[in-house]
Amino acid sequence: MKLSLEFYSRDAITVAQDLLGKLLIRRIDDNKIVSKIVETEAYIGPEDKACHAYQNKRTKRTEVMFWRGGYSYVYLIYGMYNCLNIVTAKEGKPEAVLIRAVEPVLGVESIKKNRQIKSNKMEDLTNGPGKLCQGLEVDRELNGYDLVTGDRLYIKDSKLSPKIIADKRINIDYAEEYKDKLWRFYIKDNLYVSK
DNA sequence: CTCGCGATATTCT
DNA sequence: GAATATCGCGAGA
């Protein structure tokens with residue numbers, strides 16, 4: 001069943017860990033793509049230098065992070081790739097969880113078609129934030145989408161309780177003391193984790 | 001396998 | 001004008 005508003009209303013670090021092993025559903029018309037979340041990162045607005053909403057910086061782009069939990073935050077990075085985030089916590093608190101990697105469960109053929117890669121390796125399909133967005137057809141049309149009530153993009157509960165590893169986040173060298181925070185979480189020994 | 005680099009658009013200075 | 005929560009390619013080991 002779909003994750004509830006209460007699930008998303010907690011702080012980003014807790015939600016980031018709890019999201020591991022959950023099922024991300026992307027429905028395009030009648031076509032359904034199901035994938036398992038295997039890697040996440042937490043971003044805490046007010047104090048985290050790596051966060052777009054650092055010091056509660058509220059701009060057109062970061063606006064969605066100030067909403068209540070359960071919305072999607074999709075933004076463009078390096079001019080060409082989208083990244084999918086899940087907004088957490090209560091209204092007015094800019095926190096979000098970046099989905100860094102997923103494992104395809106259903107609809108692998110659709111993902112392959114969207115990605116058009118030469119590599120035959122399954123893990124190259126979705127082992128990175130830009131890759132999984134391309135594979136699942138996630139772009140900024142889905143920015144601010146409500147995962148609690150929507151059915152084109154949502155997250156389903158699972159009974160899995162994977163082994164979780166906490167690690168440093170990736171590619172945020174500019175964040176100084178915050179770059180060493182262990183706010184990246186992934187499932188131990190999973191093939192689809194980036195790096 | 002590990003580097004190094006260019007592509008590219010939106011945001012903020 | 002500069003920076004960026006990335007990726008894929010090609011060269012070399």
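Here is the naming used below: chain letters follow the sequence lines, and residue numbers restart at 1 for every chain.
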J.: Should Y186(A) and I164(A) be regarded as members of a common hydrophobic cluster, given that ILVMFWY residues are connected when their side-chain heavy atoms come within less than 4.5 Å of each other, either directly or indirectly?
T.: yes
J.: For dA5(C), does either OP1 or OP2 sit under 4.0 Å from a side-chain N or O belonging to K49(A)?
T.: no
J.: dT4(C), dC7(C), dT11(B): which one has an atom nearest the side-chain heavy atoms of K131(A)?
T.: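 The nucleotide sitting nearest to the side chain is dC7(C).
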J.: Hey, is the side chain of R140(A) poking within less than 4.0 Å of OP1 or OP2 on dA9(B), counting only N and O atoms?
T.: no
J.: Under 4.0 angstrom, heavy atoms only, what part of the nucleic acid is K60(A) near: base, sugar-phosphate, or nothing?
T.: nothing
J.: Indicate whether OP1 or OP2 belonging to dC12(B) is found under 4.0 Å from a side-chain N or O atom of T59(A).
T.: yes
J.: Quick one: I117(A) CD1 to dT6(C) P, roughly how many Å, whole number?
T.: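 From I117(A) CD1 to dT6(C) P: 18 Å.
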J.: Is it true that a side-chain atom of R26(A) and a backbone atom of L136(A) form a donor plus acceptor pair closer than 3.5 Å?
T.: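 Yes: the side chain of R26(A) pairs with the backbone of L136(A).
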J.: Just verifying a value: how many Å separate K118(A) NZ and N120(A) CG, rounded to the nearest 0.5 Å?
T.: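 Atom-to-atom, K118(A):NZ and N120(A):CG are 12.0 Å apart.
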J.: Would the number of heavy atoms belonging to other residues, nucleotides or ligands and lying under 6.0 Å from NZ of K93(A) be above 12?
T.: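 Open.
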J.: Which listed nucleotide (dT6(C), dA9(B), dG8(C)) is nearest to the side chain of L76(A)?
T.: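 Within the option list, the nearest is dA9(B).
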J.: Without decimals, in angstroms, what is the distance between K121(A) NZ and dC7(C) P?
T.: 14 Å
J.: Mind checking L98(A) for me? I need base, sugar-phosphate or nothing, with any heavy atom below 4.0 Å counting as a touch.
T.: base
J.: Tell me, what's DNA chain B's dot-bracket, Watson-Crick or G-U with both distances under 3.5 Å, | for other-strand, [ ] crossing?
T.: |||||||.||||.
J.: If we only count heavy atoms from C-beta on, is the E103(A) to T126(A) side-chain gap below 4.5 Å?
T.: no
J.: If you group Ile, Leu, Val, Met, Phe, Trp and Tyr by side-chain heavy-atom gaps below 4.5 Å, do V108(A) and L106(A) land in one group?
T.: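 Different clusters: V108(A) never reaches L106(A) through Ile, Leu, Val, Met, Phe, Trp or Tyr contacts under 4.5 Å.
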J.: Measure CG/N143(A) against P/dA9(B) and give the value in whole Å, please.
T.: 19 Å
J.: Any heavy-atom pair between the side chains of V97(A) and Y8(A) that's under 4.5 Å?
T.: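 No, their side chains stay 4.5 Å or more apart.
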J.: Relative to each other, are the rings of Y178(A) and W183(A) parallel, tilted or perpendicular (30° and 60° limits)?
T.: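 Taking W183(A) first and then Y178(A), their aromatic rings sit tilted (interplane angle of 30° to 60°).
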J.: Out of curiosity, does L125(A) fall in the hydrophobic cluster containing L23(A) (side-chain heavy atoms, cut-off under 4.5 Å, transitive links)?
T.: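 No, separate clusters.
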J.: Step through the shown structure and confirm whether more than 12 heavy atoms of other residues, nucleotides or ligands are within 6.0 Å of CD on E177(A).
T.: yes
J.: Compare side-chain N and O positions of N171(A) against OP1 and OP2 of dT6(C) and report whether any pair is under 4.0 Å apart.
T.: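 Result: yes.
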J.: NZ of K168(A) versus P of dA5(C): gap in Å, rounded?
T.: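 To the nearest whole Å, that distance equals 18 Å.
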J.: Name every residue in residues 8-19 of chain A that has at least one heavy atom under 4.0 Å from any atom of DNA chain C, in order of residue number, or write none if there are no such residues.
T.: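 Heavy-atom contacts with DNA chain C come from no residue of residues 8-19 of chain A; none.
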J.: Any side-chain heavy atom of Y71(A) within less than 4.5 Å of one from L147(A)?
T.: no
J.: With a 4.0 Å cut-off on heavy atoms, is R184(A) in touch with a base, just the backbone sugar-phosphate, or nothing at all?
T.: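 Contact class for R184(A): none.
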J.: Test of understanding: clusters of I, L, V, M, F, W, Y form through side-chain heavy atoms closer than 4.5 Å, transitively. Do L3(A) and V138(A) belong to the same one?
T.: yes
J.: Could you state the atom-to-atom distance from CD1 of I99(A) to C1' of dT6(C) in whole Å?
T.: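 Atom CD1 in I99(A) sits about 16 Å away from atom C1' in dT6(C).
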J.: Rounded to whole Å, please give me the gap between CZ in R61(A) and P in dT4(C).
T.: 11 Å
J.: Indicate yes or no for a side-chain donor-acceptor contact from E137(A) to the backbone of R27(A) under 3.5 Å, with no hydrogens or angles considered.
T.: no
J.: In whole angstroms, how far is the P atom of dG8(C) from the CG atom of L125(A)?
T.: 10 Å
J.: When you match Y174(A) and K118(A) each to their closest nucleotide on DNA chain C, which lands nearer the 5' end?
T.: Y174(A)
J.: OP1 or OP2 of dA5(C) versus the side-chain N and O atoms of H52(A): is any pair under 4.0 Å?
T.: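 Result: yes.
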J.: Among residues 78-91 of chain A, which ones have heavy-atom contacts with DNA chain C below 4.0 Å?
T.: Y78(A), Y81(A), N85(A)
J.: Rounded to the nearest Å, what distance is computed from the CD1 atom of residue I170(A) to the C1' atom of nucleotide dA5(C)?
T.: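 Going from CD1 in I170(A) over to C1' in dA5(C) covers 10 Å.
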